[in-house]
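As structure tokens, the structure follows; a few thoughts come after it.
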Amino acid sequence: MASITLDHIAHAYPGAPGAAPHYALKPINHVWQQGRAYALLGPSGCGKTTLLNIISGLVIPSEGRLLFDATDVTRLSTEKRNIAQVFQFPVIYDTMTVAENLAFPLKNRGVEKNAIKRRVDEIADLLDLRPVLGRRARGLTADAKQKISLGRGLVRSDVSAVLFDEPLTVIDPALKWELRSKLKAVHQALDLLMIYVTHDQVEALTFADEVVVMKDGAVLQIGTPAELFERPAHSFVGYFIGSPGMNFLPATVAGREARVQGTVFDLGASYAAPANGAKVEIGFRPDYAMLHANGGIAVQMLKVEDLGRRRLGRFAIGGGEAIATLAADADLQPGDTAGLTIEPGHVHLFVDDLRVEGARA
Amino acid sequence: MMDKPWNNRAWLFVVPVLIIVLFSSLVPMMTVVNYSVQDTMGQNNFFWNGVAWFQGLLDPTTDIGGRFASALVRNLIFSIVILCLELPLGIAVALCIPKQGWKVGATLVLIALPLLIPWTVVGTIWQIFARQDIGLLGAALNAIGIHYNDTQDPTSAWATIVIMDVWHWTGMIALLSYAGLKAIPDAFYQAARIDGASRWSVFRNIELPKLQKVLVIAVLLRFMESFMIYTEPSVVTGGGPGEATSFLSLDLVKIALGQVDLGNAAAMSIVYYLITLTICYVFFTIMTQLDQRKGV
Amino acid sequence: MSLELRNVSLKQGQDSIIDDVSLLFERGTMNVLLGPTLAGKTTLMRLMAGLDKPTSGDVLVDGVSVLQVPVRRRSVAMVYQQFVNYPSLTVYENIASPLRVAGLPKAEIEKRVADASRVLRLDPFLKRLPAQLSGGQQQRTAIARALVKHAELVLLDEPLANLDYKLREELREELPKLFAATGTILVYATTEPTEALLLGGTTATLWQGRVTQVGPTPSVYRSPANIDAARVFSDPPLNEFTTTLSGPRATLPRGGDIDAQSLLPNLPDGIYRIGFRVEDAKLGTVSGAPLAFPGQVAVTEISGSESFVHLDIGSGTWVSLVLGVHDWKPGAPAEIRIDPARIFVFDEGGRLVRAPEARIARTSALV
């Protein structure tokens, strides 16, 4: 069994003398388990790549320890770490055939010839590379090349972890679906610990068992896709997960009720009064808010977007704007007055950007 | 691309260059063509001679033909030898250049130094360097018992010229290769480390293939230049001893200026020019097609 | 102004890069070119801009051929997928560059740059060099440069593809608004169906150098004229199978056949290709119902409020969209049920025979 332990890992670049150091990665303490798939999700500069580089050994953290099982590998070189990595752009060896490319990491480690062949065939089957095994890698399309890169990352069965650094950046949407589900299937078949870095929430949610949402070097929440979607711990998680993200409206709270400039929302649970001066907001997802022709909270329609599978309506409320789903039978136009309803239990309260759990009774 | 400004006055800047090119290469070349098909009895009287000069030149049994053939062979051997030495050496040097820090600049300047020296000066330096009485190289070699005499011994003369060329030009190949190496994304090196590739394997499977395009250019440049070599051997050995280092260009000058045999010299110039052109063209075509075929 | 491509083709040797494309763009419109990589989107844009000349056909502006008019004399601006800025010029100078080339008075340049940098939120960075900016800021600079030019034709070639997901969402919202005010012809190339739907306007679907369909974006989505357009405009990919209709029976992909009226009512005999989108593939436990296709779960992808379940049905893999979080285990038996009213029927040649009736929307979430 292999697990990766991040023991109070942090990375700071030394600041000017006297000044506080600048943390590219704030302290994180977590354990990643064998056979699970994790995603590091966040915007550019959030520290996800720094964390990945710490795991792969390209960056040595300024604080904390990194353990593979019980072994401290914090200062071990990349080669000695027993990891595999797939990069943003395809990395292939031009001089080799597809099969040789796949076999390369095994060959370098002196794996026996028949065992190499068996494993290469297995990986080629998983990734549908069998028909091109004998071809030179350099002439293939970008997505085929990226499949080879993926294959080389997956070919070793003894690795502690396989790291993916935004591997689907160069892939077309339709092929993205194919490769992503393929990757997921491979994960199920191979029982490897996988860590996937991305800024694309769809990729993160669909791929991972658990997602680590990061911003400005800090981990905001670690949870399953459903947890992140249903109960975002931080308003940024609410905004970043989901497309469009969660709506936020400044509010005042009294018991079970939230008031947004005179409009009352039922919170479905009762809350203690937040501290004076705290930033208080309610948040609800467009996916759980419905706009009807009438009934519910009266709001002013601003815009209707037809997304094919569903329509979204942007509306004015309490001096701000929010987005909700249009009911199937609602024929609403900008300027109309619509009725807003929100599924019970899907209005969340955020105090100073952190989600507060209410007392249900 | 869209915002590329366009201005017809730009032509004005090009016109002087066109005029210079016209007078410096086109007109002299036509003169040469003119000489190559005529003969003279002196007093500036020229008469039509057809392709006789060319026939003689290309027939190795004639005096001039034999001279031309052996000089051509000398040229080819020289080009091949220096390419075989400079290419691997240049790549090796490029691989050793530090990747960052102040050492990069210092190393690059050091490597580029020989390239900054005028050809004749290079020749003079080596001519003195090789002397057995006061030259560091010549004197030192003889002192340790190696028979070395670049004015008497053909082997010594060849060795001197080859080493001089390697000294002079390896830097250029190193610089070109270095630029090529710098262009390889870091991900390739990281991937190779993670794949457990050996240093040799990284070179063979990543660096060399990615350098291919740069090396094609380097080989072309070095071939053309070495095939037309004149200044350095003319200063160091003057084509000798005997005819040992008498390359085409040296021979050409001897015939044209020494013997004032304009017809032969003109025909020789043209054939020389065409050979260089053809070799370069064939070489370039083969290299680019090789590249494409691999790409399929 | 209006821009028309009339029977435009472009050949490279034997290969047809653009094949007989006719399109009309009107002033002040949003036009989406939707197609996978190498479908010819960029080439088509180059032809519109005048960077390339078609092998045959004509490009007309306001009814007059402009094939002989060089690019520099056309009123065109272009934004690329890569962030293209002058590396040695500040953001301000980058934005001002097309105006300087045009020789505008200084006051006018200052005003336009100020306007553009305000709406694109570049004010704080005007003195910086492109290398000191984030990807999003660099691309906003490139967009600002296209904006200040007040060009009559603005070509955006996957301008957001290299940006972060959330940033993409925001800029996608802003872009059409920015250019709508200038009354330009806006052409936007993308590979993503969702992006096309969000942008609205008119969509032309491209497939292998041909325009497979043109129309208002939602209606192209709802009734694609042919199977190629339907494929290009489905994300996740369209579920498909082929059936042979003869008399009262229609064959099924797993073998066997079915009462034809239940699948393809009132159609003549022949071979038909059926396509249906993921939201119309109803997943359930195996029931043996007539229009149910049993298989084994290959992968389940959970995406916030919904799950995509990939089912291996023997002849291929279909995807079903399930509301809520459901973790179907790999290998579990399941079936996909289809509703004959919710399928696209194409003939053997791929032309649309029947599309599902327009149904306003569903309550599902789209992540």
Side-chain angles (χ1 to χ4, degrees), chain A residues 49 52-53 55-59 76-97 100-111 135-141 145-146 148-156 158-163 165-167 169, chain B residues 87-88 90-92 94-95 98-102 173 176-219 284-296:
Chain A
T49 307
L52 192 78
N53 287 343
I55 297 165
S56 69
L58 292 171
V59 171
L76 225 53
S77 70
T78 304
E79 304 89 304
K80 297 199 178 115
R81 284 201 184 191
N82 215 18
I83 45 143
Q85 187 164 356
V86 180
F87 298 87
Q88 196 169 1
F89 297 98
V91 173
I92 53 151
Y93 300 104
D94 287 345
T95 47
M96 304 184 193
T97 64
E100 285 164 349
N101 258 285
L102 293 178
F104 194 59
L106 299 177
K107 209 175 117 204
N108 288 329
R109 286 176 175 80
V111 176
R135 292 201 24 204
R136 249 179 209 283
R138 73 186 271 180
L140 300 175
T141 56
K145 283 183 180 172
Q146 193 60 333
I148 299 170
S149 299
L150 288 172
R152 252 200 357 266
L154 298 166
V155 77
R156 289 176 56 205
D158 61 335
V159 289
S160 307
V162 187
L163 314 178
D165 189 1
E166 311 204 4
T169 310
Chain B
L87 218 53
I91 296 170
L95 288 170
K99 294 276 182 287
Q100 51 200 346
W102 61 271
I173 295 187
L176 282 172
S177 305
Y178 180 69
L181 286 171
K182 287 278 274 191
I184 301 174
D186 257 353
F188 280 85
Y189 291 107
Q190 287 175 34
R193 277 170 73 185
I194 287 165
D195 289 341
S198 62
R199 184 67 192 87
W200 166 250
S201 184
V202 170
F203 175 70
R204 176 72 196 80
N205 296 304
I206 296 174
E207 291 171 332
L208 202 55
K210 301 267 173 224
L211 279 183
Q212 199 189 342
K213 286 204 172 78
V214 172
L215 292 180
V216 168
I217 301 293
V219 167
F284 190 73
T285 316
I286 290 174
M287 289 306 255
T288 41
Q289 271 179 359
L290 214 64
D291 200 41
Q292 274 167 4
R293 194 150 6 112
K294 269 198 210 155
V296 171

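In what follows, every chain begins at residue 1, and chains take the letters A, B, ... in the order their sequences are listed.
- Between atom CG of residue B/D195 and atom CZ of residue A/R156 there is a gap of 8.5 Å, rounded to the nearest 0.5 Å.
- Residues A/N108 and B/G196 approach most closely at CB-O, 3.2 Å, considering heavy atoms.
- In terms of heavy atoms, B/P209 sits closest to A/T95 at CG-CG2, 3.4 Å.
- Taken to the nearest 0.5 Å, the CD1 atom of A/I83 stands 4.5 Å off from the CD1 atom of B/I194.
- When heavy atoms are compared at a cutoff of 4.5 Å, A/F87 approaches chain B solely by way of its side chain, counted from C-beta outward.
- B/A192 and A/Y93 get closest at one heavy-atom pair: CA-OH, 3.4 Å.
- When all heavy atoms are compared, the tightest approach of B/A191 to A/R152 is CB-NH2, 4.1 Å.
- Within the 4.5 angstrom heavy-atom criterion, only backbone atoms of A/I92 (N, CA, C, O) approach chain B.
- Shortest non-hydrogen contact noted between A/P90 and B/F188 is O-CZ, 4.1 Å.
- Neither the backbone nor the side chain of A/R81 comes within contact range of chain B; no heavy atom of the residue lies under 4.5 Å from a heavy atom of that chain.
- Between A/D94 and the choices B/K213, B/R204, B/K210, the salt bridge (charged side-chain N to carboxylate O under 4.0 Å, His left out) rule is met once, by B/K210.
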